[in-house]
Amino acid sequence: MPEERKGRHVMAGVLAADPTLADFGEDPLWIIVVKAVMLFLFLALGVMFGVWFERKLISRMQDRYGPNRAGRFGLLQSVADAVKMGLKEDILPSAVDRVLYLLAPVIMVVPAFLAFSVVPFGPVVELFGVRTPLQLVDLPVAVLFVLAMGAVSVYGVVLAGWSSRSPYALLGGLRSAAQVVSYEIAMGLSFVAVFLFAGTLSTSEIVRAQEQVWFAVLLIPSFLVYVVCMFGEAARIPFDLPEGEGELVGGFQTEYSSSLKFALIMMGEYLHTFTAAGVAVTLFLGGWRAPFPVSLWEGAGQGWWPVLWFFLKFVLTFAFIVWVRASLPRVRYDQLMSLGWKVLIPVSLAWILLVAAVRNVVVNEGDRMLGIGLGVIIVIGVLAVWMRFDTVAQRRREALGAQVEAEPEEPSDERAAGGFPVPPLDLPHYHGVSRS
Amino acid sequence: MNEAVPSYLSPTGQEIVFLLLGAVAVGSALLVVTTKQLVHAALWLVVSFGALAGCYLVLTAEFVAWVQVLIYVGAVVALLLFGIMLTRAPIGRSPGLDSGNRVVAAIVAVATAAVLVTVVIDGFRTAYADLTPGRGTAGELGSSIFRNWVLPFEALSVLLLAALVGAIVLSRTDIRGR
């Protein structure tokens with residue numbers, strides 16, 4: 001690249017392609033506006049074509065065509081849907097809490113947009129003659145910011161559920177509150193190992209730290225925990241309990257008939273999925289770095305190429321989320337909670353201890369004995385706790401078995417119709433008698 | 001700390017923003033206790049905590065600010081709302097929220113506030129802390145917590161653990177009392 005085209009922003013020292021925190025806060029105002037508009041367009045178009053992509057992909061997985069009427073390949077389906085929603089009558093149920101009912105979809109969408117502002121799309125590039133990192137903003141605590149935005153957006157769901165004044169919506173909001181709070185803990189814990197290795201919470205520097213090896217490879221357990229939490233946090237199938245249309249009609253969005261408010265809710269849900277995918281790419285999948293065979297090529301990390309790698313990884317992650325939706329059924333609510341609290345959090349904690357111990361051994365060579373000693377103690381402790389729980393579970397199983405053996409269930413003849421188990425057909429309330 | 005004290009009559013932009021955020025925090029905190037709508041009270045609490053996080057941001061304590069949002073806004077009030085909705089979720093005014101002790105409570109609150117304000121003003125009368133960025137970073141905070149303040153930190157963890165165990169014991173029905 002010719003010398004005079006490097007622009008006016010010569011960074012201290014080298015003109016590295018890998019941005020660090022020091023590269024931020026130097027942009028002129030107009031370039032920040034340009035980047036913000038680009039980000040907004042990316043997300044808005046992303047939602048538009050993301051809906052189409054998801055529907056098309058899931059259709060192909062289910063051996064059908066999917067949307068194919070509006071525009072070529074049905075590409076304009078989302079536009080048609082948006083126009084339809086805009087033209088529909090906007091119904092405001094009479095009993096709702098008006099302010100919050102109208103505010104809730106906005107609260108769902110805005111934090112999702114904000115969270116994306118710290119996702120790095122690429123290294124330092126030349127944008128209209130100015131060298132600038134391809135990321136709207138970076139903070140020393142950027143990942144914390146993403147988590148905080150995820151925590152704020154749960155208010156949108158909870159308030160949508162509460163302000164609708166409908167039992168189904170309220171149950172959906174309740175589920176969402178408990179689910180997001182639970183999965184946020186496991187999610188935060190899955191990031192801790194990344195922080196330990198990267199030594200920073202800033203997204204651009206986390207990408208920088210993955211130059212040699214991606215954290216998804218280095219920290220497989222963290223990555224797996226994150227992938228599970230990602231579905232919980234974005235409330236996607238198999239963890240879309242707040243909507244749970246099989247149980248709760250439409251969950252928190254039951255009372256939002258298909259108007260623009262409903263469109264905002266859908267947009268918010270897609271944006272949360274995008275944020276989850278963007279964070280997965282940034283923190284674990286090397287950010288904008290080229291995947292392995294391509295990364296041997298010197299130019300893969302130069303100029304605008306990284307945007308392509310980021311976008312490819314992003315689309316693949318999103319496709320994975322859709323694939324899971326096509327493959328897995330919705331879990332039960334207690335299963336969701338026990339997975340979050342009894343599996344993900346303990347596993348993350350044990351893994352963090354292990355990572356910290358190993359890091360200590362590798363980094364502080366003087367403290368090697370201490371580190372190894374700590375590691376041994378941790379492993380023994382984990383084993384002891386596990387065995388204790390295992391014996392308790394074993395004892396409980398045996399007690400249950402003994403109980404069943406002592407009073408075996410007599411299968412009554414009435415319930416079996418020709419040998420098939422059928423539900424009892426003469427319950428009191430069939431005859432107009434209430435149970436109590 | 002001991003540089004020349006700037007005049008109070010020409011506040012910087014930071015100071016004005018800080019004062020405004022403080023006013024928002026105090027005002028929404030007053031609304032928390034005066035509003036008649038239960039869920040709205042929780043939401044005013046969110047505004048109050050948010051304004052407090054803004055104050056931290058102005059004081060360049062970025063880490064504390066986002067942790068404030070994450071923990072207090074994202075978890076504590078969300079759980080409060082969860083509790084309200086799980087038990088009863090009234091829309092509109094709930095009668096009977098006013099406590100009979102509210103005069104005494106107000107006196108105690110004002111007295112406490114007066115004591116705290118007096119202590120703070122008396123202790124830092126003319127002290128002026130320059131806001132150098134970087135003092136509130138995660139690294140600085142971490143090393144100060146785990147070096148200078150490790151004992152209070154551990155004591156707090158034990159306290160929280162005790163609370164956790166207590167909550168489990170209270171909520172489980174299969175543990176019999178003696």
Side-chain angles (χ1 to χ4, degrees), chain A residues 21 25 93-101 103-104 107 111 114 118 139-159 161-167 169-182 184-185 187-188 195 199-202 252 396, chain B residues 35-47 49-50 53-54 56-57 60-94 133-143 146 164 167-168 174:
Chain A
L21 263 178
S94 57
V96 299
D97 185 314
R98 274 159 198 268
V99 179
L100 291 178
Y101 181 78
L103 204 60
I107 300 179
L114 291 181
V118 294
L139 313 167
V141 288
V143 181
L144 218 54
F145 174 75
V146 174
L147 280 174
M149 286 302 114
V152 170
S153 68
V154 70
Y155 280 96
V157 179
V158 174
L159 292 180
W162 174 75
S163 64
S164 301
R165 203 176 197 186
S166 130
L170 185 65
L171 279 175
L174 268 179
R175 285 181 169 191
S176 172
Q179 172 177 340
V180 172
V181 168
S182 312
E184 195 134 85
I185 299 172
M187 193 181 216
F195 301 153
T200 173
L201 273 75
S202 122
F252 64 92
R396 204 170 287 163
Chain B
T35 181
K36 299 263 189 210
Q37 308 198 19
L38 209 52
V39 174
H40 286 194
L43 296 177
W44 284 118
L45 198 59
V46 170
V47 176
F49 285 153
Y56 293 144
L57 264 190
T60 69
E62 237 175 335
F63 181 77
V64 183
W66 291 119
V67 167
Q68 165 89 8
V69 174
L70 188 62
I71 303 295
Y72 282 94
V73 175
V76 170
V77 184
L79 285 181
L80 268 179
L81 273 179
F82 181 78
I84 295 175
M85 289 181 186
L86 200 62
T87 48
R88 50 193 175 147
I91 281 191
R93 285 150 186 281
S94 346
R135 224 181 261 164
T137 56
E140 289 275 316
L141 268 177
S143 54
F146 290 106
L164 199 67
I168 292 173
D174 56 336

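Below, chain A is the first sequence line, B the second, and so on; all start at residue 1.
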With heavy-atom distances below 4.5 Å as the criterion, would you say the side chains of [X] and [Y] are in contact?
| X | Y | answer |
| --- | --- | --- |
| B:V39 | A:D97 | no |
| B:V73 | A:Y155 | yes |
| B:W66 | A:L139 | yes |

Taking atom OH of B:Y72 as the centre, report whether more than 12 heavy atoms of other residues, nucleotides or ligands fall under 6.0 Å from it. no
Non-hydrogen atoms of chain A under 4.5 Å away: do they reach the side chain of B:V67, the backbone, both or neither? both
Indicate the atoms forming the closest heavy-atom contact of A:V181 with B:G74, along with that distance. CG2-O, 3.9 Å
Looking at every non-hydrogen atom in both residues, tell me the closest pair between A:A177 and B:A78 and how far apart they are. CB-O, 4.4 Å
Please flag which part of A:V158 lies under 4.5 Å from any non-hydrogen atom of chain B: side chain, backbone, both or neither. both
Which region of A:L159, side chain (C-beta onward) or backbone (N, CA, C, O), has a non-hydrogen atom less than 4.5 Å from a non-hydrogen atom of chain B, or is it both or neither? side chain
Rounded to the nearest 0.5 angstrom, the NE2-CG distance for B:H40 and A:L100 is 4.5 Å
CG on B:L43 to CG on A:L103, rounded to 0.5 Å: 9.0 Å
Quick one: of A:G161, A:G150, A:G173, A:A151, who has the most non-hydrogen atom pairs under 4.5 Å with chain B? A:A151
Does the pair B:E62 and A:L144 meet the rule for a side chain to side chain contact (heavy atoms under 4.5 Å, CB included), with working shown? CA-CA 10 Å; B:E62 237 175 335; A:L144 218 54; over 6 Å; no
